[in-house]
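Below, chain A is the first sequence line, B the second, and so on; all start at residue 1. The shown structure was predicted, so the numbers you read here are calculated from the model rather than taken from an experiment.
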2 protein chains.
Amino acid sequence: MALAKRPLRVDVVIFAIRDKTLQVLLWKRAEAPFRGAWSLPGGFVGKDEPIEDAARRVLEEETGFTEEVYLEQLYTFAHPKMDPRGELVSVSYYAVATTSRESPDGTFHAARRAPSLAFHHDDVLRRGIHRLRTKAEYSTVPLRFLDEPFTLSDVQAVYEVLLDRNLDKRNFRRKMLALDVLEETQEKRRTGAHRPAQLYRLSSRRTYLLKERGILFPF
Amino acid sequence: MALAKRPLRVDVVIFAIRDKTLQVLLWKRAEAPFRGAWSLPGGFVGKDEPIEDAARRVLEEETGFTEEVYLEQLYTFAHPKMDPRGELVSVSYYAVATTSRESPDGTFHAARRAPSLAFHHDDVLRRGIHRLRTKAEYSTVPLRFLDEPFTLSDVQAVYEVLLDRNLDKRNFRRKMLALDVLEETQEKRRTGAHRPAQLYRLSSRRTYLLKERGILFPF
DNA sequence: CCAAAAGTGTTGGCGTTACACCCATGG
DNA sequence: CCATGGGTGTAACGCCAACACTTTTGG
């Protein structure tokens, strides 16, 4: 069988939480094919470029520095008819951006009501949402949505959005603190007419990464 | 940036359980590079060939008909220096073969003591083992190791190998039956001087697939 | 002094684990 | 009749979910 060669792409589902909603960053395509349609941000992988570097490159173009951004490979698509430009391989990733990230050329859309997307990107998005929601049940990945420092109420709000239900405040706090991945800062946040909230940051990345499995929800 | 094109491969970790041990099917390479070394079975994806078809093709070459074999995409590797033949993309899969499967040109090795492998295949194998063991904790994927019909003791043995610990017989049976994915056959298995064992088969594939999440071990 | 979010402990119920003996058969 | 693996029920424990009030601040 002749050795078929294909271009290699990365397509990235960039999540953020805004307005108590899970949102995804989308591009409006300026060129054919699918001109005018929405798509996920992505790009071709260059010669000699490691694939994860390409994913981080896309991420960086979209949301600035990315050292700290959580990025995970999702799934690889390579249906022959997936792209009208010809056969190619699309490796998808998902990323968890903090709320403060702005994008120069993309727009955030509510993930649940995203428009239908170009190419196979609906499939990618579906998988991304599913994976993220699954991780919310047993991991601390959702902490990556937060700009530091943050309050425990902020953390709870993130989990509530992802799990799509309300959680008990006392149970949530007890379990989250028991994971020992948060560290109190010296400050409190004062916003409005109520008791100030203790601020936290992620404790050392190392510890934090080790704990990215092993929570048991529901709270 | 010039559009770099690469060949596309699939590499498959084919698991089976034999002699109460998790085993992997390996090839001994007959050609350079890595001539004489062990590697995972794999092959290049043909033009116009969907990638999962390619994975099933490899599987079929190795173990005969494969309609029923559980196959799941694992991870995609595309480091520029991964393969001395040049840049390529390797999409890895893992498969769960029943004990009765024989391979014409591969050999089963104990997964824990596998030799070191060619290319990036050590990484693939590591990921495959990890994924499989994880699935043993909350899914019924391990049932796919069994030739039908099978006894509950057979099922327990599979889970014990994967989880690497002994399980309580009564608790195991209760939970497994509660999942409602097994169906009694009319027959019993008579082997040796003891009470015959009730035989089971997987209940309709549909139901079975729906249940592939949501068990909570330990038993 | 009022409103609004932060913060804090205890208990009952349920699910999980732990555990030991009888059954059916072949030799 | 003995050895072997198959098959079965219950009780104690520990963990999780449920639940309401006090604190601190700004206006």
How long is the line joining [atom1] of [X] and [atom2] of [N], in whole Å?
{"X": "B/F150", "N": "D/dG6", "atom1": "CZ", "atom2": "P", "answer": "15 Å"}
{"X": "B/R165", "N": "C/dT17", "atom1": "CZ", "atom2": "P", "answer": "9 Å"}
{"X": "A/R173", "N": "D/dA17", "atom1": "CZ", "atom2": "P", "answer": "17 Å"}
{"X": "A/F172", "N": "D/dA18", "atom1": "CZ", "atom2": "P", "answer": "16 Å"}
{"X": "A/D168", "N": "C/dT11", "atom1": "CG", "atom2": "C1'", "answer": "14 Å"}
{"X": "A/Q156", "N": "C/dA5", "atom1": "CD", "atom2": "P", "answer": "13 Å"}
{"X": "A/L167", "N": "D/dA18", "atom1": "CG", "atom2": "C1'", "answer": "13 Å"}
{"X": "B/K169", "N": "D/dG6", "atom1": "NZ", "atom2": "P", "answer": "6 Å"}

Handout entry: Base D/dC16 paired with A/N171 side chain (donor-acceptor, <3.5 Å)
Key =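 A donor-acceptor contact between them is absent.
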Handout entry: Sole candidate of B/E184, B/E68, B/E187, B/E183 that passes salt bridge (charged side-chain N to carboxylate O under 4.0 Å, His left out) when paired with B/R201
Key = B/E183
Practice task
For B/T151, report the nucleic acid contact type (base, sugar-phosphate, nothing); a contact means any heavy atom under 4.0 Å.
Solution key: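 No contact.
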Handout entry: B/R9 to B/F44 six-membered ring, cation-pi geometry met (6.0 Å, 45°)
Key = yes
Practice task
Go along nucleotides 22-27 of chain D 5' to 3' and tag each nucleotide: B for a protein heavy atom under 4.0 Å from its base, S when only backbone or sugar atoms are that close, - otherwise.
Solution key: -BBBB-
Exercise for the section: Name all residues meeting the salt bridge (Lys or Arg N to Asp or Glu O under 4.0 Å) criterion together with A/D147; count only those two or more places apart in sequence or in a different chain, and write none if there are none. Expected result: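 Result, salt bridge (Lys or Arg N to Asp or Glu O under 4.0 Å) vs A/D147: none returned.
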Exercise for the section: For C/dG15, take OP1 and OP2 only and decide whether either is under 4.0 Å from a side-chain N or O of B/K175. Expected result: no
Handout entry: Short side-chain N/O contact to C/dA6 OP1/OP2 from A/S153, under 4.0 Å
Key = yes
Exercise for the section: Step through it carefully: locate the ring centre of B/W38, locate the ring centre of B/H121, and say whether they are under 6.0 Å apart. Expected result: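 No, too far apart.
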Practice task
Select from B/R170 and A/R174 the residue whose nearest nucleotide in DNA chain C is closer to the 5' end of that strand.
Solution key: A/R174
Are [X] and [Y] linked by a side-chain donor-acceptor pair shorter than 3.5 Å?
{"X": "A/D11", "Y": "A/S92", "value": "no"}
{"X": "A/Y200", "Y": "A/Q198", "value": "no"}
{"X": "A/S153", "Y": "A/R173", "value": "yes"}

Practice task
Just compare D/dG6, D/dG9, C/dG7 and give me whichever is closest to any side-chain atom of B/A197.
Solution key: D/dG6
